[in-house]
2 protein chains.
Amino acid sequence: MRQVETPRPPEENNRRMTLVRAAAVLFRDQGYERTTVRDLGNAVGMQSGSLFYHFRTKEEILVAVMALGITSTTEQLALALAAAPTLRDKLAALFRVHLNSLLGDNQAALEVMLYEWRSVSEAAKPGLVVLRDRYEALWQQVLEEAAAAGMVKQDTGLLRRTLLGSLHWTVQWYRRDGDLAVDALAERMLRLVLIE
Amino acid sequence: MRQVETPRPPEENNRRMTLVRAAAVLFRDQGYERTTVRDLGNAVGMQSGSLFYHFRTKEEILVAVMALGITSTTEQLALALAAAPTLRDKLAALFRVHLNSLLGDNQAALEVMLYEWRSVSEAAKPGLVVLRDRYEALWQQVLEEAAAAGMVKQDTGLLRRTLLGSLHWTVQWYRRDGDLAVDALAERMLRLVLIE
DNA sequence: GTCTATAGTCAGATAGAC
DNA sequence: GTCTATCTGACTATAGAC
């Protein structure tokens, strides 16, 4: 049985990290395919050829962006859950952390993870799937506790998928310059799913 | 005030239509950017250069695919709503029509509409937005009736967005070879949102 | 309407100097 | 670690024959 290599976000190296953060914004705004290695080099003040000292291929950059997006969100959620005193607070944390990671300032990486999946090679997918599953396991655990307490409906597997779908889709319509703050949106979305 | 040109799906011309249907599948499976005009020509038994007799640019094909996806779904929904005897049946129709249009056989066009938005030029967006708004207006109307009847929560604007997000996201996880039929999934998703 | 041939551009990646 | 220079291939779109 082969061990699945889970890509780590490149926290250790500063130059790599700058590049990954810049790539996240470009990939989100223009899409991975439309972003050229020249664009990437430009964004960090580097010639396009120099990128390939840090990454072997353009796709390796994409995978690094995605790994960063999902792992940092997972970490934030784990912290928020540990700090939540009540089950209601835990539920609220699910929505709040996810939306802030998607819609907050300089938070492009998770969006890339969600919307550029098709450009990831088959070889790289398993590692990212492991990271995603860790994140969704946190959701599943809280939802099951909430269902047991009668706060949400019982079909928790499907509930998790529909809720995550609802949240992911916010990037398509949410406008940061509107009146609705991210935390307020999180609260309203939570209320839609709570059984009163 | 300039009239917004709404792109019509190319029902009138058979050769064009064949091309649009083939393009829908390719764009869904590989993405618009990764699909070349050679791929498109191949799929309909034509040289890549010949495509440009039917369409001026590759993007024009994308727009035609999207227009087809959203208009045919809107038509199906309008028919289903007109045939629904009760409000509960109307609600069910929203879910059933949308999921069948997304996940059913040979129904690639709506998925392209949802996931290739970034590749549409600014010039072509307004026409497609009009088509999308017509579709969402049908949803909004039914949801408001349902809210007035106490069947769903009152925050119908946000409810519409979250429900559509949930449905759109199904393409990322639904497996047609699994045990769950599309109509059964629609029913379960409806139950998650109904106030009992 | 469809073909062949190709123009014109730009992509990802490499090699070797510094 | 970054630069310059460049290779190689692929892309969309056009032109003109049939």
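Computed over heavy atoms, backbone and side chain alike; hydrogens, waters and symmetry mates excluded. Below, read A as the first sequence line, B as the second, and so on, with proteins coming before strands; counting in each chain starts at 1.
Taking atom NE2 on H54(B) and atom P on dT14(D), their separation rounds to 15 Å, with Å as the unit. Distance CZ (F55(A)) to C1' (dT2(D)): 16 Å, rounded to an integer number of Å. In this entry the distance linking CG of N42(A) with P of dT2(D) reads 15 Å, nearest Å.
Between Q47(A) and the phosphate of dT2(D), there is no side-chain N or O to OP1/OP2 separation shorter than 4.0 Å. The shortest distance between the side-chain N/O atoms of S50(B) and the OP1/OP2 oxygens of dG1(C) is not below 4.0 Å. Between Y53(A) and dT2(D) there is no side-chain polar atom (N or O) within less than 4.0 angstrom of OP1 or OP2.
With no hydrogens or angles considered, a side-chain donor-acceptor pair links S101(A) and T73(A) at under 3.5 Å. Side-chain atoms of Q140(A) and E136(A) form no donor-acceptor pair, as typed in the model, at a separation below 3.5 Å.
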At under 4.0 Å between heavy atoms, how does the protein contact nucleotides 7-13 of chain C? Give one character per nucleotide, 5' to 3', with B, S or -.
----SBB

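Between H168(B) and H168(A), the gap from one ring centroid to the other reaches at least 6.0 Å.
Between W139(A) and F95(A), the angle of the ring planes lies from 30° to 60°, which puts this pair in the tilted group.
In this structure, K58(B) fails the cation-pi test against F52(B), since its NZ or CZ atom is not both closer than 6.0 Å to the six-membered ring centre and inside 45 degrees of the ring normal.
The ring-ring contact (aromatic ring centres under 6.0 Å, His included) analysis of residues 57-80 of chain A, with sequence neighbours excluded, yields no pairs.
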